[in-house]
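Structure first, then comments.
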Amino acid sequence: APAATGRAGAKAILIGEHAVVYGRPALAIPVRALEARAEARAISGPSRLRSALYTGQAARAPERLRVTVTAMAAALEAAGSPDTALEIAIESSIPAERGLGSSAAVSAAVIEAALAACGARVDDERMHELIQTAERAAHGSPSGLDARTVRARAAVWFEAGRIEPVSVGSDLTFVIADSGVRGRTREAVAAVAARRAADPAAVDASLDELGALATAVRGQVSAGESDGIGAAMTRAHTLLNGLGVGDPALDRLFAAAVSAGALGAKLTGGGRGGCVLALVRDTDAAAELSDHLTRVGAAAVWTTTVEGGA
Ligand code: PMV
């Protein structure tokens, strides 16, 4: 039988990371240039994985593939075939641990492929729960933003565990620059929690402001007000640094982007490494900024446009 396939894209958080863990809203965008794909086929056991990181029995996979193994097991369970053995091949262009949703995208692709290999289908809500089961193996208690966004085709508003589409007034072009430093989401989330336990009033004020910025940005995205979006991003970067999730490599890319004329910039995702997201005027500006950020040390750069009129 032909292999069953699954795929999911990368995502970047435009505004609201960390605050979303405390119930504030967030806005995220799909990054179509990067994606995870999986192919699954039934074999006579035991289950196997094939990826750039590891090839061999699923049961013997190293710790960093725990999410993938959990995703496969959750899908087999949901398909009512816990004893089926699969070989799953994974290919992903999404760099891991950079705040771009790599683990959620790989999980989504693996689950989709594994379900299809078993001839099973699940509804959207069940699919979301399965991705969250795998994400919990990686991050502890993820908000669900990644799990929702990696399957979205347009910008999404995330609030109270659910997403809604966001109307986009005019094209928004972003440059994403990888600091080359592995993001440490779990650690960053724990750092915010510790800070909040020590000084709840100050941290809650920052979380409230991030929530208010997200609401403002949603309106600005719909109205095509890119200057306002840029200013909100830059303010969010400062607030996130204040929460203790920044990193010197992120600050360097942030400063380079802003001084080179980006409309705004901020770290994106969990922080303590990972990527900076910068908003630019158009694709020419994106090409220029990409060159500049590469020259000042970005490990990789990508451009993504969120199309207006959607
Ligand atoms: O670093 P990422 O892509 O896993 O994003 C984490 C976003 C947080 O808000 C920090 C955590 C969460 O669960 O939403």
Side-chain angles (χ1 to χ4, degrees), residues 8-17 19-20 24-35 94 98-101 105 145-146 148-159 163-178 210-240 250 253-254 256-269 274-293 298 300-310:
K11 70 97 216 323
I13 300 175
L14 174 52
I15 196 132
E17 53 274 271
V20 75
R24 273 66 167 190
L27 210 157
I29 56 172
V31 179
R32 290 196 193 79
L34 299 171
E35 70 168 10
I94 311 172
R98 297 299 198 280
L100 297 178
L145 173 60
D146 279 22
R148 297 264 184 216
T149 312
V150 295
R151 296 194 311 127
R153 283 184 186 79
V156 296
W157 177 254
F158 180 88
E159 190 166 11
I163 52 170
E164 320 168 5
V166 169
S167 80
V168 180
S170 56
D171 284 8
L172 295 171
T173 299
F174 297 93
V175 172
I176 300 167
D178 183 356
L210 285 165
L213 285 171
T215 301
V217 167
R218 183 183 188 166
Q220 290 158 341
V221 165
S222 299
E225 289 163 6
S226 26
D227 291 307
I229 301 167
M233 290 171 70
T234 298
R235 175 65 185 151
H237 183 77
T238 301
L239 290 168
L240 289 165
L250 294 171
L253 292 174
F254 164 82
V258 171
S259 67
L263 301 175
K266 60 183 276 293
L267 69 85
T268 186
C275 296
V276 163
L277 178 72
L279 178 63
V280 292
R281 189 74 62 196
D282 53 31
T283 50
D284 287 343
E288 258 172 54
L289 183 63
S290 298
D291 286 347
H292 181 66
L293 294 177
V301 289
W302 303 277
T303 294
T304 190
T305 296
V306 177
E307 274 152 37

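Every heavy atom of this structure was used, including side-chain atoms; hydrogens, water molecules and symmetry mates were not.
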How far does [atom1] of [X] sit from [atom2] of [Y], to the nearest 0.5 angstrom?
X      : Y      : atom1 : atom2 : result
Leu14  : Leu277 : CG    : CG    : 6.5 Å
Glu225 : Leu172 : CD    : CG    : 11.0 Å
Thr149 : Leu100 : OG1   : CG    : 12.0 Å
Asp178 : Cys275 : CG    : SG    : 4.0 Å
Lys11  : Ile94  : NZ    : CD1   : 9.5 Å
Leu27  : Glu164 : CG    : CD    : 10.0 Å

Sequence neighbours left out, what pairs pass salt bridge (charged side-chain N to carboxylate O under 4.0 Å, His left out) with at least one residue falling in residues 227-238?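 Counting only pairs at least two positions apart or across chains, the salt bridge (charged side-chain N to carboxylate O under 4.0 Å, His left out) contacts touching residues 227-238 are Glu209-Arg235, Asp227-Arg281.
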Can you spot which of Val217, Leu279, Val258 makes a side-chain contact (heavy atoms from CB on, under 4.5 Å) with Met233?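 In the set Val217, Leu279, Val258, the residue that makes a side-chain contact (heavy atoms from CB on, under 4.5 Å) with Met233 is Leu279.
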For Glu159, enumerate each residue passing the salt bridge (Lys or Arg N to Asp or Glu O under 4.0 Å) test, keeping only those at least two apart in sequence or located in another chain.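 Expected list: none.
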Which residues pass the salt bridge (Lys or Arg N to Asp or Glu O under 4.0 Å) test with Arg32, sequence neighbours left out?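 Arg32 satisfies salt bridge (Lys or Arg N to Asp or Glu O under 4.0 Å) with no other residue.
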Looking only at atom types and distance, does a side-chain atom of [X] sit under 3.5 Å from a main-chain N or O of [Y], one as donor and one as acceptor?
X      : Y      : answer
His237 : Leu267 : yes
Thr303 : Val175 : no
Thr304 : Val31  : no

Side chain to side chain, [X] and [Y], heavy atoms closer than 4.5 Å:
X      : Y      : result
Thr234 : Phe254 : yes
Phe174 : Val306 : yes
Val301 : Ile176 : no
Ile229 : Val221 : yes

So does Arg24 pair up with Glu17, basic N to acidic O under 4.0 Å?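 Here Arg24 does not pair with Glu17 in a salt bridge, since their nearest N and O are not under 4.0 Å apart.
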Minimal non-hydrogen separation, [X] against [Y], with atom names:
X      : Y      : result
Gly101 : Asp146 : CA-OD2, 3.6 Å
Leu293 : Ala257 : CD2-N, 3.9 Å
Ala8   : Ala105 : CB-O, 3.6 Å
Lys266 : Leu240 : CE-CD1, 4.3 Å
Trp157 : Pro25  : CZ2-CB, 3.2 Å
Gly274 : Leu250 : O-CD2, 3.6 Å

Is the closest side-chain donor-acceptor distance between Thr283 and Thr173 under 3.5 Å?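 No, no side-chain donor-acceptor contact under 3.5 Å.
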